[in-house]
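Structure first, then comments.
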Amino acid sequence: MFTRTEIQKECDLEDMVIKDIEAVEKGLTFLSHQPPANGNFIDVLAVDAGGVLVVMELKVEGEDEMLIQALDYYDYVYSNLDRLAKEFKEIKGVRVNTEEDPRIMLIASSFTDRLKRAARHVEPDIKLVEYSCLDVRGGGRDLFCREVPNESEGGFVASVPLERAFSYIANDKVRALSLEVHAQLLGIGADIEAVPKETCVRYKWKNRRLGGIY
């Protein structure tokens with residue numbers, strides 16, 4: 001029923017993402033194509049289901065440089081968040097959440113190991129999305145996307161028992177305070193997830209990093 005095909009031009013990939021942006025992530029809404037930013041142009045600017053602006057950098061084939069480009073665009077969006085929120089509310093009637101920092105998505109057919117390693121250590125978090133383009137029998141073309149996990153065997157260490165993570169804190173008072181903060185964070189809601197590591201505990205909400213106790 002499907003035949004995999006290659007996308008030759010970046011503009012064709014942009015058109016497909018704009019047409020079916022929820023193939024990249026459910027709840028995304030397209031806002032703008034090629035808006036200016038720091039002397040260049042953002043490939044696609046969107047807003048997610050929570051109203052957070054999403055800077056999307058697209059390449060037919062992943063290039064390490066796209067990470068630097070996306071961070072440059074992120075700087076512009078972050079610095080102009082209130083103005084952009086006002087503009088998109090007036091133009092498109094979209095309510096942008098200015099209490100949350102923007103997000104970055106990199107979209108390509110594949111990514112180098114070097115880029116994936118670098119993305120693990122960048123704040124804000126970088127979401128990597130690999131796409132496939134399939135021709136449908138009988139006509140038409142569909143975009144299929146999958147998120148590339150940012151924490152692989154070659155990156156951060158695997159999760160450890162919670163007690164082990166907090167036992168790393170030698171000072172009794174600091175450890176007790178950390179456990180108290182941990183309990184308060186989990187008490188915010190059921191969607192809060194704790195991910196213990198050897199020397200820290202990271203906290204996520206709907207797979208987005210909130211912060212951590214280090």
Side-chain angles (χ1 to χ4, degrees), residues 4-48 50 52-81 83-85 87-88 96 100-134 141-157 202 204 207-209 212:
R4 183 163 182 163
T5 185
E6 302 296 329
I7 298 178
Q8 301 297 329
K9 298 179 180 179
E10 188 174 308
C11 60
D12 292 336
L13 175 59
E14 292 172 4
D15 289 343
M16 291 193 71
V17 168
I18 292 169
K19 182 187 295 185
D20 189 14
I21 198 163
E22 283 206 335
V24 179
E25 179 182 286
K26 187 173 178 60
L28 284 179
T29 300
F30 167 73
L31 292 179
S32 183
H33 179 225
Q34 295 287 334
N38 288 341
N40 213 319
F41 301 91
I42 302 171
D43 287 339
V44 176
L45 188 61
V47 63
D48 70 12
V52 178
L53 286 178
V54 182
V55 176
M56 304 174 75
E57 174 66 12
L58 288 67
K59 297 290 184 188
V60 173
E61 295 182 1
E63 301 172 8
D64 294 347
E65 180 65 20
M66 68 189 302
L67 177 57
I68 301 300
Q69 289 178 303
L71 288 170
D72 190 34
Y73 303 150
Y74 175 90
D75 173 73
Y76 174 84
V77 173
Y78 180 87
S79 301
N80 294 274
L81 187 57
R83 179 181 63 79
L84 291 170
E87 287 183 6
F88 287 120
V96 173
E100 293 278 350
D101 292 344
R103 300 170 56 198
I104 292 177
M105 283 190 193
L106 303 184
I107 303 173
S109 58
S110 62
F111 298 99
T112 66
D113 290 339
R114 183 169 180 244
L115 187 148
K116 286 188 281 190
R117 286 194 299 269
R120 296 186 195 122
H121 304 287
V122 172
E123 292 287 352
D125 286 348
I126 309 293
K127 181 172 182 177
L128 305 179
V129 177
E130 291 183 343
Y131 76 85
S132 297
C133 182
L134 302 179
R141 176 180 284 189
D142 285 335
L143 189 69
F144 292 86
C145 299
R146 72 173 189 91
E147 181 178 359
V148 179
N150 246 8
E151 297 184 356
S152 66
E153 293 179 358
F156 297 119
V157 295
R202 297 194 182 100
K204 294 184 176 181
N207 208 34
R208 293 180 57 198
R209 188 184 300 177

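Residues satisfying the side chain to side chain donor-acceptor pair (under 3.5 Å) test with Glu87, not counting sequence neighbours, are Arg83. Partners of Glu130 by side chain to side chain donor-acceptor pair (under 3.5 Å), not counting sequence neighbours, listed by chain and number: Arg146. Listed by chain and residue number, nothing satisfies the salt bridge (Lys or Arg N to Asp or Glu O under 4.0 Å) test with Glu22 (two or more places apart in sequence, or in another chain). In this structure Glu100 satisfies the salt bridge (Lys or Arg N to Asp or Glu O under 4.0 Å) test together with Arg208, sequence neighbours excluded.
Between Pro102 and the options Leu81, Val54, Val96, a side chain to side chain contact (heavy atoms under 4.5 Å, CB included) holds for only Leu81.
The backbone N or O of Leu84 lies less than 3.5 Å from no partner atom in the side chain of Asn80, so there is not a single donor-acceptor pair. For Tyr131 (side chain) and Val60 (main-chain N/O), a donor-acceptor pair under 3.5 Å exists by modelled atom type.
Side-chain contact check for Cys133 versus Ile7: some heavy-atom pair is nearer than 4.5 Å. Leu106 is listed as a side-chain neighbour of Leu115, based on a closest heavy-atom distance under 4.5 Å. Tyr76 has its side chain out of reach of Val55: every pair of non-hydrogen atoms, C-beta onward, lies at least 4.5 Å apart. For the pair Gln34/Glu14, a side-chain contact is recorded, criterion being any heavy-atom separation below 4.5 Å from C-beta on.
Within the model, atoms CG of Asp12 and CD of Glu6 stand 12.5 Å from one another, a figure rounded to the nearest 0.5 Å. Atom NZ of Lys59 and atom CE of Met66 lie 6.5 Å apart (nearest 0.5 Å). The CG atom of Asp72 sits 9.5 Å away from atom CD of Glu65, with the distance rounded to the nearest 0.5 Å. Separation of atoms CG (Asp43) and OH (Tyr73) is listed at 6.0 Å; rounding is to 0.5 Å. Once rounded to the nearest 0.5 Å, the distance linking CD1 of Ile104 with CG of Leu53 reads 12.0 Å. Rounded to the nearest 0.5 angstrom, Leu45 CG and Phe88 CZ are separated by 4.5 Å.
No more than 12 heavy atoms of other residues, nucleotides or ligands shown are found within 6.0 angstrom of CD on Glu61.
Residue pairs meeting the salt bridge (Lys or Arg N to Asp or Glu O under 4.0 Å) criterion with at least one member in residues 24-42, sequence neighbours excluded, are Glu25-Arg103, Glu25-Lys127. Applying the side chain to side chain donor-acceptor pair (under 3.5 Å) definition to pairs two or more places apart or across chains, those involving residues 104-113 are Asp64-Thr112.
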Exercise. Should Ile107 and Val44 be marked as a side chain to side chain contact (heavy atoms under 4.5 Å, CB included) after you check the CA-CA gap, both sets of side-chain angles, and the distance that decides it?
Worked result: CA-CA 11 Å; Ile107 303 173; Val44 176; over 6 Å; no
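Residue Cys145 comes nearest to Ala23 through the heavy atom pair CB-O, 3.3 Å, listed as atom of the first residue, atom of the second, then distance. Minimum interatomic distance between Ala119 and Leu67 (heavy atoms only, all atoms of both residues): N-CD2, 4.4 Å.
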